[in-house]
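Just so you know, residue 1 is the first one in the sequence shown, and it goes up from there. Model, not experiment: these values are computed from the prediction. Excluded from the calculations below are hydrogen atoms, water molecules and symmetry mates; all remaining heavy atoms, backbone and side chain alike, are included. For ligands, and for the atoms within them, numbers begin at 1 and follow the listed sequence.
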Amino acid sequence: MKVFINPGHDRVYDSGAINPVTGARECDIVAKAGKLLAGYLQTAGLKVRTLQDDSLALVCAESNEWGADLFISLHCNAFNTQARGTETLYKSFNGQRLAGFIQSQIVRSVNTVDRGSKFRDDLWVLNGTNAVAVLVEMAFIDNMDDLSLLEQELDKIVRAIARGITDYWSA
Ligand SMILES: [Zn+2]
């Protein structure tokens, strides 16, 4: 199985969301998560490619040309500094199944608020990829409790995502 990992945003051109107190940047947290996830999936015997790039057209084209089976986009949410939690976004039928496995692994692994898996038809990477695609909003970077989850327990979150992927594949 081929898994394409897309840490969201871009470390040069688009930081994504930023914590207003500490300055922690979404692009850096998801880059770290992407690297960890690639390692766990490779250890599990899966083929992995990772691309973090400002151009979502390029990201989608690379995934499609490679013939990815699964496409995993990693993000941190931001809203009003009070909202918390984890949600996994999907568009397709199989995307919904994959999102369900990933979401349930994460909420069982760390003390996060379960915001569920959600249908979205307005996201570039879900619309532009041929693979079974999901976008994981791991936690809210602008909320201090969620930020500490992202900084202290990122490895647990990523291991949970990896287990969700292998759950999907073996289901
Ligand atoms: Zn993002």
Non-neighbouring partners of D145 that pass side chain to side chain donor-acceptor pair (under 3.5 Å), sequence neighbours left out
none
With sequence neighbours left out, what residues match T86 under side chain to side chain contact (heavy atoms under 4.5 Å, CB included)?
Q103, I106, T112
Show the nearest heavy-atom pair for residues K156 and S109, with the distance to one decimal.
CD-O, 3.9 Å
Give the ring-plane orientation class for F101 versus Y168, where under 30° counts as parallel, over 60° as perpendicular and anything between as tilted.
perpendicular
Name each donor-acceptor pair under 3.5 Å that joins a side chain in residues 76-83 to protein atoms two or more places apart or in another chain, with its distance.
{"unit_1": "N80", "atom_1": "OD1", "unit_2": "Q82", "atom_2": "N", "d": "2.9"}
{"unit_1": "N80", "atom_1": "OD1", "unit_2": "A83", "atom_2": "N", "d": "3.0"}

Leaving waters out, which protein N, O or S atoms fall under 2.8 Å from the Zn ion (ligand 1)?
H9 NE2, E26 OE2, H75 ND1
Shared hydrophobic cluster, V107 / L89 (ILVMFWY, side-chain heavy atoms < 4.5 Å):
no
